[in-house]
Amino acid sequence: MRIGVVIVAAGRGERAGAPEQGPKQYRPIGGLPVIQHTLNAFLTWQPTHQVVSIITVIHPDDTDLFATAIDDLSNANRIHSVMGGATRQMSVLAGLNALKGSGVTHVMIHDAARPFVEHQLLDSIADILAEGAAGVLPAMAVTDTLKRADASGVVEETVPRANLYGAQTPQGFRFEAILAAHEAAATSGRTDFTDDASIAEWAGIAVRLCPGTSSNVKLTTAQDIAMADAKLKTQERFPDVRTGNGYDVHQLVPGDGVTLCGIFIPHDQKLSGHSDADVALHALTDALLATCGAGDIGDHFPPSDPQWKGAASRIFLAHAAEIVRGKGGVITNADISLIAEAPKVAPHRDAMRQNLSEILAISIDRCSVKATTNEKIGFIGRKEGIAAIATATVVYGIVGE
Ligand code: CTP
Ligand code: MG
């Protein structure tokens, strides 16, 4: 199966109003022209069947708009454009004519004004064609109660909605069959078909329904375009979550105890270092600074500076938290792993977490302290030192805002 794609984009979008804003298929949604989303859906589709060619049918007045819209699409060289006609039907025929001689066996005809078409829908249509169907129409069962009204807007009757469907695109066909049907319709002066499944129906080609999707809407009115824009903008609002890691080691020397996470634990050794040598708080300080590119602990508290001699490391951590908050950060998690053969950390864990919670001014469930031994291996195993690894998670608002 060799599939050609025809995307019709030559309409004037009269129902969308505001002609000064240009045709609807070139108006921006989520910062990009509608048609760019549509084309991108086909360009990034990787079907098991071969997509031979993508023909876009455009209006002669729109050549500049079209060139700009496809400019930053990768693989844009796979797209060819031809000029459309006065009706959708004529535009489709122009697209089908452009596929003559290309060797396509099947064609999928799609409205440029349906930018949310999903790959899954394209796959379903291609699969049904591959099973031998002459025509495939994605459609949604009508859910609203249907009314027929007269020209003055007075209801005349309620139309039963059973077995009624709203037709979507892309509609898939055997290429030669739909081309012949279009040519026959044009020759016999029928120019009023608004989709290709109705031409197929007129020509006696069997068309199979396949489930459409609720997101595959056609942008028709100004409100449709505004809603599409809002939908994409909401999707793009990613929270700016950043994680930073920190690592620190201090040597153990004979002494009377170690300070970890600000808690003094009596022990037959102490940690040597310029400050109180609290490896855990040092690692976490680095992790916090790393969430906003603020360097490391040594940049802010140089060991060469006598004022930090013997200092309580909670000062360093509180300062890092202040820097993070000054940059608009909200600290959402602080996690420390201690690697030490001794002393036992477990009895002090909750006091340590309480300390972190107070220094960082966040709730205790956002503060985690874990500990492991080093299985008596290496310098930690020989009780020559204690190491700490920390991870900080900070949210800096919304990306791009
Ligand atoms: N179309 C086309 N050539 C035309 C008319 C329509 O290629 N002469 C395309 C439109 O660009 C659109 C698709 O067919 O992608 C579906 O048509 P519709 O939603 O009706 O778009 P417009 O005809 O542009 O809008 P309106 O009917 O409101 O004027
Ligand atoms: Mg139209």
Side-chain angles (χ1 to χ4, degrees), residues 4-29 32-43 53-70 73 79-99 107-117 121-122 125 137-140 165-173 178-179 182-183 185-186 189-200 212-213 215-229:
V5 174
V6 171
I7 294 176
V8 281
R12 296 297 79 196
E14 273 159 26
R15 285 170 289 175
E20 71 284 357
Q21 291 174 26
K24 62 182 180 182
Q25 59 272 36
Y26 297 102
R27 293 193 195 164
I29 53 170
L32 300 172
V34 168
I35 192 172
Q36 191 170 325
H37 295 275
T38 315
L39 288 169
N40 205 32
F42 283 90
L43 286 173
S53 186
I54 301 174
I55 307 289
T56 309
V57 186
I58 65 172
H59 192 281
D61 292 350
D62 298 341
T63 47
D64 288 349
L65 284 171
F66 180 67
T68 313
I70 64 165
L73 279 176
I79 302 169
H80 304 278
S81 63
V82 294
M83 295 306 148
T87 62
R88 184 186 183 282
Q89 187 185 334
M90 289 165 78
S91 295
V92 172
L93 182 53
L96 294 175
N97 279 330
L99 283 174
V107 63
M108 286 167 72
I109 304 167
H110 187 60
D111 295 330
R114 292 184 191 267
F116 298 124
V117 59
L121 182 59
L122 302 183
I125 294 163
L137 168 68
M140 300 275 286
Y165 293 86
Q168 301 187 342
T169 72
Q171 298 176 1
F173 304 94
I178 196 68
L179 174 63
H182 259 276
E183 283 172 340
R190 287 292 307 266
T191 54
D192 52 340
F193 292 110
T194 54
D195 78 344
D196 308 288
S198 42
I199 294 183
T213 65
S215 46
N216 185 27
V217 287
K218 180 159 68 74
L219 308 186
T220 304
T221 63
Q223 196 188 1
D224 294 338
I225 300 169
M227 278 167 61
D229 187 39

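One-based numbering, in listed order, for ligands and for the atoms of each.
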(request) Could you find the nearest protein heavy atom to atom 18 (P) of ligand 1 and give me its residue, atom name and distance? (result) Lys24 NZ, 3.6 Å
(request) Would you kindly specify which portion of Ala9 sits under 4.0 Å from ligand 1, judged on non-hydrogen atoms: side chain, backbone, both or neither? (result) backbone
(message) Nearest non-hydrogen contact with atom 13 (C) of ligand 1 belongs to which option: Thr169, Asp111, Thr221?
(response) Asp111
(request) Check Thr87 against ligand 1 and report side chain, backbone, both or neither, counting heavy atoms closer than 4.0 Å. (result) backbone
(request) Give a yes or no on whether the backbone of Ala112 and the side-chain of Gln25 come within a donor-acceptor separation of less than 3.5 Å. (result) no
(message) Could you check whether any side-chain N or O of Arg27 sits under 3.5 Å from a backbone N or O of Gly22, counting only pairs where one atom can act as donor and the other as acceptor?
(response) yes
(request) Say whether Leu219, considering both its backbone and side-chain N or O atoms, lies within less than 3.5 Å of an N or O atom on ligand 1. (result) no
(request) Could you tell me which atoms of ligand 1, counted from 1 in the order shown, lie closer than 4.0 angstrom to a heavy atom of Ala112? (result) 15 (O)
(message) Quick test: of every protein heavy atom, which one is nearest to atom 27 (O) of ligand 1, and how far off is it to 0.1 Å?
(response) Arg15 NH2, 2.9 Å
(request) Taking His80 for its side chain and Ala98 for its backbone only, find out whether a donor-acceptor pair lies under 3.5 Å. (result) no
(message) Are Val92 and Val57 packed together at the side-chain level, in the sense that at least one heavy-atom pair is separated by less than 4.5 angstrom?
(response) no
(message) Can you name the atoms of ligand 1, numbered from 1 with element, that are less than 4.0 Å from a heavy atom of Ala113?
(response) 15 (O)
(request) Measure the distance from atom 26 (P) of ligand 1 to every protein heavy atom, then report the residue, atom name and distance (to 0.1 Å) of the closest one. (result) Glu14 N, 3.4 Å
(message) Quick check for you: to the nearest 0.5 Å, what is the distance between Thr213 atom OG1 and Leu121 atom CG?
(response) 5.5 Å
(message) Need the ligand 1 atom indices (1-based, order shown) with element for anything under 4.0 Å from a heavy-atom of Ala86.
(response) 8 (N)
(message) Does any part of the side chain of Leu122, heavy atoms only, come nearer than 4.5 Å to the side chain of Val117, both counted from C-beta?
(response) yes
(message) Please compare Gln89, Arg88, Arg114, Met90 and report which has the shortest non-hydrogen distance to atom 4 (C) of ligand 1.
(response) Arg88
(request) Look at the side chain of Asp195 and the backbone N and O of Ser198, then say whether any donor-acceptor pair between them is shorter than 3.5 Å. (result) yes
(message) Could you check whether Asp111 pairs with Arg88 (Lys NZ or Arg NE/NH1/NH2 to Asp/Glu carboxylate O, under 4.0 Å)?
(response) yes
(request) Classify the contact between Pro23 and ligand 1 as side chain, backbone, both or neither, using a heavy-atom distance cut-off of under 4.0 Å. (result) neither
(request) Measure the distance from atom 12 (C) of ligand 1 to every protein heavy atom, then report the residue, atom name and distance (to 0.1 Å) of the closest one. (result) Val8 O, 3.8 Å
(request) Taking only heavy atoms of Gly11 into account, list the atoms of ligand 1 that are under 4.0 Å away from them. (result) 1 (N), 2 (C), 3 (N), 4 (C), 5 (C), 6 (C), 7 (O), 9 (C), 10 (C), 11 (O), 24 (O)
(request) Provide, to 0.1 Å, the distance between atom 3 (N) of ligand 1 and the closest protein heavy atom, together with that atom's residue and name. (result) Ser91 OG, 2.7 Å
(message) Checking a contact table here: which protein heavy atom is nearest atom 7 (O) of ligand 1, and how many Å away?
(response) Ala10 N, 2.7 Å
(message) Quick check on His59 - does any of its heavy atoms sit under 4.0 Å from an atom of ligand 1?
(response) no
(request) Heavy-atom contacts with Gly13 under 4.0 Å: which atoms of ligand 1 show up? List them by number with element. (result) 22 (P), 24 (O), 25 (O), 26 (P), 28 (O), 29 (O)
(message) Using side-chain heavy atoms (C-beta onward) and a distance below 4.5 Å, is Pro138 in contact with Gln171?
(response) yes
(message) In the structure I gave you, are the side-chain heavy atoms of Leu179 and Leu99 within less than 4.5 Å of one another anywhere?
(response) no
(message) Has Gln168 got a side-chain atom pairing as donor or acceptor with Val217's backbone, closer than 3.5 angstrom?
(response) no
(request) Evaluate the side-chain proximity of Met90 to Val8: yes if any heavy-atom separation is below 4.5 Å, no if none is. (result) no
(message) Distance under 4.0 Å to a non-hydrogen atom of Arg12: what atoms of ligand 1 satisfy this?
(response) 24 (O)
